[in-house]
Number of protein chains: 2
Amino acid sequence: MPKEPLNIHNVATRAGVSAATVSRAFNFPDKVAPATRDLVERAARELGYQPNASARTLRTQRSRVLGVVLPTLLNPVFAECLQGISQAAAASGYAIVPVMTSYEETQEQQAVAQLLAANVDGMILVVSSPSDSRALERLRGAGLPYVLAYNAHPGHPCISVDGEAASAEAVARLAALGHRRIAMVSGTLAASDRAQQRYRGYLRGMAAAGLQAPPLVEVPFVATAVEALSRYLQTPTRPTALFCSNDLLAIRSMRAARLTGLSVPQDLAVMGFDGIAIGQDLTPALSTIAQPNHDIGRHGVELLVQSIARGSPPGAGDSLCLPYRFCGGESCAAAAGPAA
Amino acid sequence: MPKEPLNIHNVATRAGVSAATVSRAFNFPDKVAPATRDLVERAARELGYQPNASARTLRTQRSRVLGVVLPTLLNPVFAECLQGISQAAAASGYAIVPVMTSYEETQEQQAVAQLLAANVDGMILVVSSPSDSRALERLRGAGLPYVLAYNAHPGHPCISVDGEAASAEAVARLAALGHRRIAMVSGTLAASDRAQQRYRGYLRGMAAAGLQAPPLVEVPFVATAVEALSRYLQTPTRPTALFCSNDLLAIRSMRAARLTGLSVPQDLAVMGFDGIAIGQDLTPALSTIAQPNHDIGRHGVELLVQSIARGSPPGAGDSLCLPYRFCGGESCAAAAGPAA
DNA sequence: CTGTTAGCGCCTTCAA
DNA sequence: TTGAAGGCGCTAACAG
C-alpha cells in the first residue's frame, strides 16, 4: 500500500480545483469563492493535509522559525526566558529552534552558522560578550534580524535590564540595613558581561555608601561552589552580607552558610540576582533583584516579529530596558549590632 | 547592491564545476576528485556558502530536525531533560524544535500537527496520558518515529523509570524510619499519568508496610500550593512524613512546614520525586527519587536517530526503563518517638 | 475567481 | 570522475 503523497496537488484533485486555488484557500481565504473554499477545506480535512513547511520556506524565503541561542537550560533564568519566547512565538505563528552554547564563544559561532543555514527568520541570543563577538558580526553581515537578550550593548538591539543600577540599589539596601562588610560573589567574571555589569554596579553602590569593597569572591566551578563558599565564610573577616551575581549562587551561598553554622539572615544576609521562580519557595525566601525573564523573551520575539513584518532588521535604537523589581524576600535582615 | 543568491549554482560557477559536483563534494566527499574537492571547498568558503536546509529537506525528505513536545520548562525536570535532548541531538547533527503544551491535551495535538507539517524526522514527547491520546494516534498514523519520555505505556516506545516501584521504595524507606502516618502530596492526579503511577506505588508501599494510607493531598494550583499545604499541616492528625509527587511540590511542602512552625526533618519528613539539581543545594538537601533526566533525553534521541538510520520507527519493544536512584538528602529523618 | 506556468535550491539518477 | 536533467511541494505572476 504505497501511500500516495499528501501534497497540494492531491488535495486539488480531490477538491476538483487547481493547486493554485488550494494554495490560495490556505493563504488568502478571502481571495477564493466561499463555495470553492469549502470544497478545498473538506478535501484537506479528509486527507489530513497540512502544507509542507519546507517547500513553503523554499518558495517564500520565510520559514516562520526563530532561532534562539542560549548558554544553558540548567539555569532556570534561561529556562524561564525560553518559556516566554516559546509562548510569544507560538502566539505569532512561529516555531523556535534553540541551541545551547555552554557559555562558549566557539559554540555561539557554530550556533549562528547552523541557524543561518536553517533559514530562520530571526534570532534571539544571549552571548557571553557582545563587544567582540564573531557570531554577532556574522549575523549582522547576513542582514538577518536579531535581538540580544540580557546582554546590554549600545551597538546592538538588546532586551535587558539595567543590571548596574540594580546592583547598586541592592548594595544600597544592604547598606541601609546596617551592613558594612558586603562582599560580592560571582562566577567567572570573564565568562559573562552580565556578571561584569553587576560587579560594576556593586562597586558603585559600595562607593556611594562610603564602604570599602572587599575582594570579589569568584567561584568558577559549580561543583565545588558550596565547598569554596563554606571555606570563605569561615575566615575571621567574613562579611555580614553577600551580594550574589545570580540566584543559583545565592542559593548555594545560603547552603554554605548553614553548613558553616551561620544562619540566614541573622548571621549573614544573602542577596541574589535574577528572580528565578523557585527562589520564592525557599525558606528563607530569596531576597533578589527580579528580572522579568518571561517578558524579556516575549519582547525579544515581538521585536523580531515586528521587524520581519516591516522588512527591516531591528537596530540598536530598538533596544528595550525593562524594569527590574526588588524582591524583599527573607534572606536579608539588619546587620547584628557590634558586639557591645 | 543586489546581493546575488548564495546557492549551489553560484559556488559551482566560481569553482568552475557543475552544481552536481558541488553537491557531491558536500555530501559524498569521497566521490569527488581531491583536486576538485579543494576547488569547491575554497569557493564555498570564500562565498560563505552553506547548503540551504529547506531545499535539502524538500529534496531528500529528511530535515535532520527532531520535534520535542513538553508540558513546560518551568519545571526543571523538563528543562534538564531538554538540555540532554539538545546535547544528544547536536552530537548527532540534529536540530530540535520544542513545543510546550501546558499539560493540555489539545495543545499536544496541535503540537504534533505543527511538527508533522514542519517535516521533523522524529519526535520525543511527554504527554499527559498515552492511553487515549489523539496526538499519539495521529503520530502513529503518520508512521513517523517517536518516543515517549517519562511516560510508561506498553503500547508505545518509552524512555522511563519505574515510578511505581520507586514510589513504593520511597514509602518503604519512610516506614523504615519509623513513620506511620505518611501522606502523599500530588498535583492534579488526572493531569499526569506519572502522578497516577506514583500514587499506585505509594499505595502499594503503604500496604506492604502494613500502614493505612490517609487521603491523597491534591494540590491543584501552584499559586496557592504553599498556603493549602500550610493549612493541611495544621490539622491535628497531620502526618509525620510527606511523600511528594515531584520535587517542586516537595520544596513547597518544606516551606509550608516552616511557615507552620514545623522543622524539617525533625517534625516532618519530606520526600520528593524527580531529582532536580537544585534540590541538592537546598538546606535541608532534598531527599528524593532521582531520575536520570539528562539521560532520559539522551536515550530518547539515540533511539530516534538509530531508528531513522535503519528506516523503521521504534516500537514498544524498544522501550527503555532506566534506573532511578534514591537520593538520601537531609529532609527525611527518623520519626519522633511517641510522646512518652 | 480560477488555472497555467515557472522556479525557489537541492539531490540523484542517468549518461558520458 | 563529472555534467545534464528532472522534480521534491509550494507560491506568485500572469492569463483567462
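As a basis for the values below, the full set of heavy atoms in this structure was taken, side chains included, without hydrogen atoms, waters or symmetry mates. So you know, we letter chains A, B, ... as the sequences are listed, proteins then strands, and number each from 1. Computed from a prediction, not measured in an experiment: that's the story for all the values here.
When all heavy atoms of Ile85(B) and Gly297(B) are compared, the pair lying nearest together is CG1-CA, 3.4 Å.
With a 6.0 Å radius and a threshold of 12 heavy atoms from other residues, nucleotides or ligands, His9(A) has its NE2 atom at or below the threshold. Heavy atoms of other residues, nucleotides or ligands lying less than 6.0 angstrom from CZ of Arg42(B) number 12 at most. Under a cut-off of 6.0 angstrom, the local environment of CZ in Arg134(B) is sparse, with at most 12 non-hydrogen atoms contributed by other residues, nucleotides or ligands.
Residue-to-nucleotide proximity on DNA chain D shows that, of Ala53(A) and Gly16(B), the 5′-proximal contact is made by Gly16(B).
Each of dC8(D), dT2(C), dG9(C) was ranked by its minimum atom distance to the side chain of Gln61(B); first place goes to dC8(D).
Of the N and O atoms on the side chains of Asn7(B) and Tyr49(B), not one donor lies less than 3.5 Å from an acceptor on the other residue. Using modelled atom types and a 3.5 Å distance limit, the side chains of Asn119(B) and Ser63(B) yield no donor-acceptor pair. With no hydrogens or angles considered, a side-chain donor-acceptor pair links Arg56(A) and Asn27(A) at under 3.5 Å.
Atom CG in Asn52(A) sits roughly 18 Å away from atom P in dC8(C) (whole-Å rounding). As rounded to whole Å, 10 Å separates atom P of dT12(C) from atom CZ of Arg62(B). The distance between atom CG of Asp30(B) and atom C1' of dT1(D), rounded to the nearest whole Å, is 13 Å. The separation between Leu58(A) atom CG and dC10(D) atom P is 12 Å, rounded to whole Å. Following rounding to the nearest Å, Lys31(A) (NZ) and dT2(C) (P) show an atom-to-atom distance of 12 Å. The nearest whole Å value for the distance from the CD atom in Gln50(B) to the C1' atom in dG9(C) is 14 Å. A straight line from CZ of Arg37(A) to C1' of dT2(C) spans 15 Å, rounded to a whole angstrom. dC8(D) atom P lies 10 Å from atom NE2 of His9(A), rounded to whole Å.
In summary, Arg298(A) and Glu302(A) engage in a salt bridge, as defined by a charged side-chain N under 4.0 Å from a carboxylate O.
Atom CG of Leu39(A) sits about 10.5 Å away from atom OG1 of Thr21(A), to the nearest 0.5 Å.
At dT2(C), none of the side-chain N or O atoms of Ser18(A) fall inside 4.0 Å of OP1 or OP2 (strictly under the cut-off).
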Using a 4.0 Å heavy-atom cut-off, write out nucleotides 11-16 of chain D from 5' to 3' as B (base contacted by protein), S (sugar-phosphate only) or - (no contact).
BBB---

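Within a heavy-atom distance below 4.0 Å of DNA chain C, no residue of residues 304-313 of chain A is found.
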